[in-house]
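Bear in mind the structure is a predicted one, so any value in this text is a computation, not a measurement.
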Amino acid sequence: MGVITDTIRMQYLNNVRMDLEFKIQLITQNRMELTKACDDLMKVGTDYDSDNPIMKTLNQRQQKLKLLEQKLEQQQMQYQTRLKMVETELGSVKQRIDKNISQAFSY
């Protein structure tokens, strides 16, 4: 009975692991896009004087993008922490399955 429940748990943990890896990948892509957008804003702003209202607006937008990037980074770190927890539990479940199988077939 333990092998069956551990196998179900292992499948569940694999699904959670894949979901977390996918979310981390999406966040990484979004962070790259935000970095590119910040760089593009700075390239546009090189034509303007620092006292120009357009430049101030560009700086405000750049700050908002940086804040968003920081939030994404924090979320990515949370997902990576959860992924480590899932991988640790997955290793534990695999060990229990191996132990149960070896006990079931030892004569």
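- The CE atom of M32 sits 11.5 Å away from the CD atom of E69 when rounded to the nearest 0.5 Å.
- The CD atom of Q95 lies 10.5 Å from the CG atom of L90; values are rounded to the nearest 0.5 Å.
- Between D19 and K23, at least one side-chain N (NZ, or NE/NH1/NH2) sits under 4.0 Å from a carboxylate O, which counts as a salt bridge.
- Atom-to-atom distance recorded for R31:CZ and Q75:CD is 11.0 Å, nearest 0.5 angstrom.
- Taking CG of L83 as the start and OG1 of T88 as the end, the distance is 9.0 Å to the nearest 0.5 Å.
- Of the inter-residue distances, the one linking Q11 atom CD with T7 atom OG1 reads 7.0 Å to the nearest 0.5 angstrom.
- In this structure, R82 places its CZ atom where only 12 or fewer heavy-atom neighbours from other residues, nucleotides or ligands lie under 6.0 Å away.
- Atom OG1 in T5 sits 7.5 Å away from atom CZ in R96 (nearest 0.5 Å).
- The heavy-atom pair separating L65 from A37 by the smallest distance is CD1-CB, 4.0 Å.
- Listed here is the closest heavy atom pair of L13 and V86: O-CG1, 3.5 Å.
- Both Y12 and I97 are part of a single hydrophobic cluster, where members link through side-chain heavy atoms under 4.5 Å apart.
- In the hydrophobic clustering of ILVMFWY residues, with side-chain heavy atoms under 4.5 Å counting as a link, V93 and I101 come out together.
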